[in-house]
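Fair warning: this is a prediction, and the values are worked out from it, not measured in the lab. Chain letters run A, B, ... following the sequence lines, proteins first and then strands; every chain starts at 1.
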2 protein chains.
Amino acid sequence: MTPTPFLVAVDVVVFAIRRGRLEALLVRRANDPYRGRWALPGGFVEAREDLEAAARRELREETGLADLHLEQLYTFGDPKRDPRGRVISAAYLAVAPPGKSAARAGSDAAAVAFHAARQPPAIAFDHAAVLAKAVDRLRTKSEYSTLPLRLLDSPFTLSELQRVYEVLLERPLDKRNFRKKMLALEALEETRGFRREGAHRPAKLYRLSPRSPNLLKEKGILFPF
Amino acid sequence: MTPTPFLVAVDVVVFAIRRGRLEALLVRRANDPYRGRWALPGGFVEAREDLEAAARRELREETGLADLHLEQLYTFGDPKRDPRGRVISAAYLAVAPPGKSAARAGSDAAAVAFHAARQPPAIAFDHAAVLAKAVDRLRTKSEYSTLPLRLLDSPFTLSELQRVYEVLLERPLDKRNFRKKMLALEALEETRGFRREGAHRPAKLYRLSPRSPNLLKEKGILFPF
DNA sequence: CCAAAAGTGTTGGCGTTACACCCATGG
DNA sequence: CCATGGGTGTAACGCCAACACTTTTGG
């Protein structure tokens, strides 16, 4: 008895901070099933393709986004999750800084747009559950990893970074403590540059230090404050 | 153009504490490929089967183990990971208390046995990577979740529990601090019973409290000590 | 000179770590 | 009565949270 063949898909939750909130990228489906519905970007894995490569390819094809930080999230395998038959989906989580989040509708997509990640519109398949899990994971990782830094263009100011954390954690943080802790990580590198904008003191610019540890745990440092 | 069909497998890393160390369950393969090699228990997902259900079924069929705590670990999809063709595998992590770890070789298994999880023998497919990832995950979760409690039969003594943590974290813990912190969680429930064995004072027995939170984080409590 | 955001230190409280002795039992 | 592991409290320390004013700039 030979095993059942499956179709294998990848879906990608791309997060960005926009309009002062956490948003995720959705595409309006150009084809059935769920034609016209919003859905996560994604599609079928090709014959000789690695899962992560498939996620990157689909993301690029449907939305034009590339070179994002990407990590595997969870694999969804409910037998009834796709009306076309037996489709399992490996979901990936991505974070896009503003400079890499200019999406344009590509193949299979009638439109692409960022939506409030915590109050998404009606979406196709089980993608609401996928999105919810991604939000949860991003929030959790915000408390012990440097993942949030990747939501900003480099270089960035500490105030910008603090706003990112505040959006992710949904609570205000103390400026002095934030800066103290963030600098203590030695994950940031000071640049020579300043951001001057508006009628106030210019802000120092930082970038993610090349060999910074990804996990704050290693230094025993945890957010929240 | 129709998408490539895949085979979908599940593999399970079952951990147990035995001989004072962390061990994982392996089966000796009865069939090609890799006949005669040790491998993780696992197999193909059936047509209308959920991934977790498949993991439980394969585990039961091959090793006789059932009713274990199970969680999804990671999905491995390297196109060359299986010589039979395009097979992706959703890996699961399970923990077995001594009372549920009496394995016996079942279908497809010439033998089953626990092996040192951190120095496994040569194993089939990419299962060494799967196992390594599982060890890493278990260790990490030991620092902020009550997962380790599930490596013991209930009820258990605090000394037994401490030994589990010490094996997982690979370092000695202070007895008084351990007890203080563990009891502060309110994850444990004191029973009426005592364990008397050997020539010393009997030890109080505890069980995992029914509604205990799974994540210590929620109480702001973290191991290490 | 005013508005606006950047930048900077100290302190009190709390939680964590470090540490040593008595208890209950079986043989 | 001795050996064995079970069980318990406290003090010093270090880390974290709370908190307000000065700096620099543009207009």
- Message: On DNA chain D, does the nearest nucleotide to A:A199 precede the nearest nucleotide to B:H200 from the 5' side, or the other way round? Give the residue.
- Response: B:H200

- In whole Å, what is the span from the NZ atom of A:K180 to the P atom of D:dA17? 9 Å

- Message: Distance check needed: D:dC19 P versus A:R179 CZ, whole Å only.
- Response: 19 Å

- Can any side-chain N or O of A:R28 pair as donor or acceptor with the backbone N or O of A:G36 at less than 3.5 Å? yes

- Query: Which part of the nucleic acid, if any, lies within contact of A:K204, taking any heavy atom under 4.0 Å across all strands shown: a base, the sugar-phosphate backbone alone, or nothing?
  - Reply: sugar-phosphate

- What is the distance from CG of A:L161 to P of C:dG7, rounded to the nearest Å? 12 Å

- Given atom CZ of A:R196 and atom C1' of D:dG27, what is their separation to the nearest angstrom? 15 Å

- Query: Can the ring centres of B:Y206 and B:F156 be said to be less than 6.0 Å apart?
  - Reply: no

- Task: Measure from CG on A:L158 to C1' on C:dT8 and round the result to the nearest Å.
- Result: 12 Å

- Nearest-angstrom distance from the residue atom CG of A:N177 to P of C:dG12: 16 Å

- Item | No-H, no-angle donor-acceptor pair, B:R176 side chain to C:dA20 base, under 3.5 Å | yes

- Confirm from the modelled atom types if B:K175 and D:dG6 form a donor-acceptor pair under 3.5 Å, side chain to base only. yes

- Message: Would you say CZ of B:R104 has more than 12 non-hydrogen atoms from neighbouring residues, nucleotides or ligands within 6.0 angstrom?
- Response: no

- Task: Mind calculating the distance between NZ (B:K181) and P (C:dA18) to the nearest angstrom?
- Result: 11 Å

- Message: Any side-chain to backbone donor/acceptor pair from A:E160 onto A:L152? Under 3.5 Å, distance only.
- Response: no

- Message: I want to check one thing: is the phosphate of D:dG6, taken as OP1 and OP2, less than 4.0 Å away from some side-chain N or O of B:S159?
- Response: yes

- Task: Provide, to the nearest angstrom, the distance between the CG atom belonging to A:L173 and the P atom belonging to D:dC16.
- Result: 14 Å

